Amino acid sequence: MLSRAAEKRAVEAQKNKKQKAGKEAKLEVLKRSKYSLLKNEEDLTEIQKIKLEAIKETFPNLKKCSN
């Protein structure tokens with residue numbers, strides 16, 4: 001299980017120019033994702049639900065922090 005910060009560091013460490021566009025897209029998904037991961041799913045707003053789905057698709061190793 002990787003943390004959100006660890007995932008961000010891994011994406012930022014990519015040096016390949018071909019991966020640059022993908023890197024920017026992945027960083028955009030992680031931007032402002034803290035509460036989408038911390039809140040209970042039933043308490044999320046519509047925007048946070050969309051953000052959570054994007055996080056699940058982009059970072060399958062990233063787990064929800066709440067039980």
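By convention here, the first residue in the shown sequence is residue 1. Remember, it's a predicted structure, so these values are computed and weren't measured experimentally.
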Looking only at heavy atoms, the pair that brings K39 and Q48 closest together is NZ-OE1, 3.2 Å

Nearest heavy atoms of L52 and S36, plus distance in Å = CD1-O, 3.7 Å

Which pair of non-hydrogen atoms, one from T58 and one from K26, has the smallest distance, and what is that distance?
-> CG2-CG, 3.8 Å

Kindly check if the number of other-residue, nucleotide or ligand heavy atoms within 6.0 Å of NZ (K34) is above 12?
-> no

Do the side chains of L27 and L37 join up, straight or via other hydrophobic residues, at under 4.5 Å, putting them in one cluster?
-> yes

With side chains defined as the heavy atoms from C-beta onward, is the minimum distance between L30 and F59 less than 4.5 Å?
-> yes

In Å, rounded to the nearest 0.5 Å, how long is the span from CD1 of I50 to OG1 of T45?
-> 8.5 Å

Any salt bridge between K56 and E41, counting N to O under 4.0 Å?
-> yes

